[in-house]
Amino acid sequence: MLRIIAATLISLLCAPSMAAAPPLVADLANPLVEISYSFSGTQLLVFGAAECSAEQTPSPCHLIAVMEGPPEPMVIRRKEKRSGLWVNGDTALYPSAPGYYAYAATAPLASIAPASLARSLGLGIESALPAPEAADPTLNETFQAGLIEDRASKGLYLKTAQPIIVREGRLFRMSFPAPATVPTGDYTIRIYTVIEGAVTAQTQQILKVRKAGFEAFVTNAAQTHPLLYGIASIVLALGIGFTSATLFER
Amino acid sequence: MLVIGKWRFFGQYLMQLYLPIAELSVNVFVILGLGGMVGVLSGMFGVGGGFLLTPLLIFYGIPPAVAVASQANQIAGSSIAGAVGHARHGGIDKRMGLFLILGGIVGAAIGTWLFKLLQTLGQLDLTIAISYVIFLGGVGSLMLVEGVRALRANSSRRRRRKKKPPRDRLIRRLPFQVYFPESKIVVSALAPLLIGAVVGMLVAIMGVGGGFLMVPAMIYLLGMPTQVVIGTSLMQIIFVTAAVTIMHAITTQSVDVMLALLLLVGAVVGTRIGIRFGQKLKAEQLRVLLAIIVLSVAVKLGIDLVRTPSTLFSVVEAL
């Protein structure tokens, strides 16, 4: 009886320390990015804590992160020369491609994540893109390459990994550059700790990009009340034109 | 030092403006400058200049659909400024204007429908580029020829040429002859309806004002007296560009009112400067200069159409 009571007491006392602190926690410096009139691109900052360091024994621990923008339907067109002019020829539709894609890691991906893991996590933009719907399926790979090149040139898909900076083996931070043309919507950031090619912990955060203030008002007006928006645009233009002319006449 | 630092910080916020419909960030002074430059040209020559702005906006990186729709908006504003200025000098043939506007609205509707169709097919950018190459190439060449001829000829020869009567034999044969009291002419009503419709289509697809086609058409095809031509054409431009703006706002939602108003502010200021310049310098030399500018833009657009593009792929958000 005494042994049972002693065992229960001991397990109760040990319980709090046995429930270990979460191995990986992350947060966003700015969970709501507001696009205002002076917006010309920004850095999306992610930070957090993890007991994870490359110097760990027995095996080094690495961090990998993926930031994906809201899925959007996209149409990609390939130019071809017809009658001397470059016109749009074959097209393909991506019903749902990420509006933004970037990833980060503490070391080169090839050295810390085997190809199968990279594919399952959606690391590298090729694994994150679904197959397109094209009239000619043999062009799927061509279109995929073309889409990636186009988005990369606009800074919306980042082909190389962003660095993750780790302090004291516990705190980490990373930053993803976003151009002025980033789509509005919900962005998902997924972070993993990886030891010997296997995921040991993971977490996820949502970052929102929204138009704010006047920009939001104008976009909303144009999309939900197009007739009134059109009339208002004309009235404003006529007003400015008329006022300036009468001002100058004097 | 702190003051300078703060001013530069503040200046950064003044320089970049995020356009909500075009969804990109532009330099405020570049936009004002583009509008101003075109305004100067239009102030110097009395008409036109707006047709240069759409290609220039496209060169700067504004999506063509947004450039065309926002330009229609801007032209409405700068045309009313021109109309106020003109009100003192000449009159308006209101009946002719009415027919031109009616034709213009029908043409604008057809043009907007075509615009949307081309956008869905993915051939909008190409169509706009080809249209501008033809339009600017034609207009520029005509201006160059006329300007060079004016530079060489003496004034008496020019005056004799202007007395040529307008070609009206075909127009006299058309039905629905109507009397236009302010112009004191009798012309088939179909003529202004058709002219207005053609111009309306061009406004909707290219984002031009159309004055460049209407003024010669009014003088040579309709035989209107010069004092009512400019006023009447301005009246048509204002109504048709306003109609096109509203139609584009409804069908393609590509009217960026902030872009349009910013361009307009630059344009009205530029026009005032242009009028001052135009009074001081020789008209014939300026006309040749403008012709060269117009032709260069046409050539640049043409070259872009035939040379291998830097990237073969274009990606747009599916509609």
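The chains referred to below are lettered A, B, ... by the order of the sequence lines, with proteins before strands, and numbering in each begins at 1.
- With a 4.5 Å cut-off on non-hydrogen atoms, B:Leu264 touches chain A through its side chain but not through its backbone.
- In this structure, chain A has no heavy atom under 4.5 Å from any part of B:Met247.
- Both the backbone and the side chain of A:Thr142 have a heavy atom closer than 4.5 Å to some heavy atom of chain B.
- Remark: A:Asp90 does not engage A:Lys79 in a salt bridge, criterion side-chain N to carboxylate O under 4.0 Å.
- Proximity to chain A (any heavy atom under 4.5 Å) is restricted, for B:Thr241, to the backbone atoms N, CA, C and O.
- B:Leu263 places a side-chain heavy atom less than 4.5 Å from the side chain of B:Leu57.
- Proximity of B:Leu34 to B:Leu53: side-chain heavy atoms (C-beta onward) are separated by under 4.5 Å at one or more points.
- Neither the backbone nor the side chain of B:Ser78 comes within less than 4.5 Å of any heavy atom in chain A.
- When all heavy atoms of A:Lys211 and A:Ala216 are compared, the closest pair comes out as O-CB, 3.3 Å.
- Side-chain atoms of B:Arg272 and A:Ser244, non-hydrogen and from C-beta on, never get closer than 4.5 Å to each other.
- In this structure, chain B has no heavy atom under 4.5 Å from any part of A:Tyr94.
- Highest contact tally toward chain A, considering only B:Ile130, B:Ile21, B:Asp304, B:Val265, is held by B:Ile21 [criterion: heavy-atom pairs under 4.5 Å].
- Looking at B:Ala242, the atoms closer than 4.5 Å to chain A (heavy atoms on both sides) sit in the backbone and in the side chain alike.
- Across every non-hydrogen atom of B:Ala65 and B:Gln119, the tightest pair is CB-NE2, 3.6 Å.
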Evaluation steps, side chain to side chain contact (heavy atoms under 4.5 Å, CB included), between A:Val182 and A:Phe39: CA-CA 11 Å; A:Val182 281; A:Phe39 185 75; 4.1 Å; yes
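- For the pair A:Met74/A:Leu147, a side-chain contact is recorded, criterion being any heavy-atom separation below 4.5 Å from C-beta on.
- Put simply, of B:Leu305, B:Leu126, B:Val268, the one with the most heavy-atom pairs under 4.5 Å next to chain A is B:Leu305.
- Residue contact with chain A, scored on non-hydrogen atoms closer than 4.5 Å, involves the side chain of B:Gln253 exclusively.
- Using bins of under 30°, 30° to 60° and over 60° for the plane-to-plane angle, the ring pair B:Phe135/B:Phe51 lands in the perpendicular bin.
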What verdict does the side chain to side chain contact (heavy atoms under 4.5 Å, CB included) test give for A:Trp86 and B:Leu312, after you've listed the backbone C-alpha separation in whole Å, the side-chain angles of each residue and the deciding distance to 0.1 Å? CA-CA 9 Å; A:Trp86 284 95; B:Leu312 282 181; 3.5 Å; yes
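- The shortest non-hydrogen separation linking A:Met174 to A:Ala104 is SD-CB, 3.9 Å.
- Along residues 149-156 of chain A, the residues that come nearer than 4.5 angstrom to chain B, judged on non-hydrogen atoms, are A:Asp150, A:Arg151 in order of number.
- Considering every non-hydrogen atom in both A:Ala128 and A:Glu68, the closest pair reads CB-OE2, 4.4 Å.
- Counting heavy atoms from C-beta on, the side chains of B:Tyr60 and B:Asn27 come closer than 4.5 Å.
- Across B:Leu121, B:Val26, B:Asp125, the residue that shares the most heavy-atom pairs under 4.5 angstrom with chain A is B:Leu121.
- Of all the heavy atoms in B:Met206 and B:Tyr132, the pair that sits closest is O-OH, 2.5 Å.
- At a heavy-atom cut-off of under 4.5 Å, chain B is reached by A:Val218, A:Thr219, A:Ala222, A:Gln223, A:Pro226, A:Leu227, A:Tyr229, A:Gly230, A:Ile231, A:Ser233, A:Ile234, A:Leu236, A:Ala237, A:Leu238, A:Ile240, A:Gly241 from residues 218-241 of chain A, listed in order of number.
- Listed here is the closest heavy atom pair of A:Ser96 and A:Pro130: O-CG, 3.2 Å.
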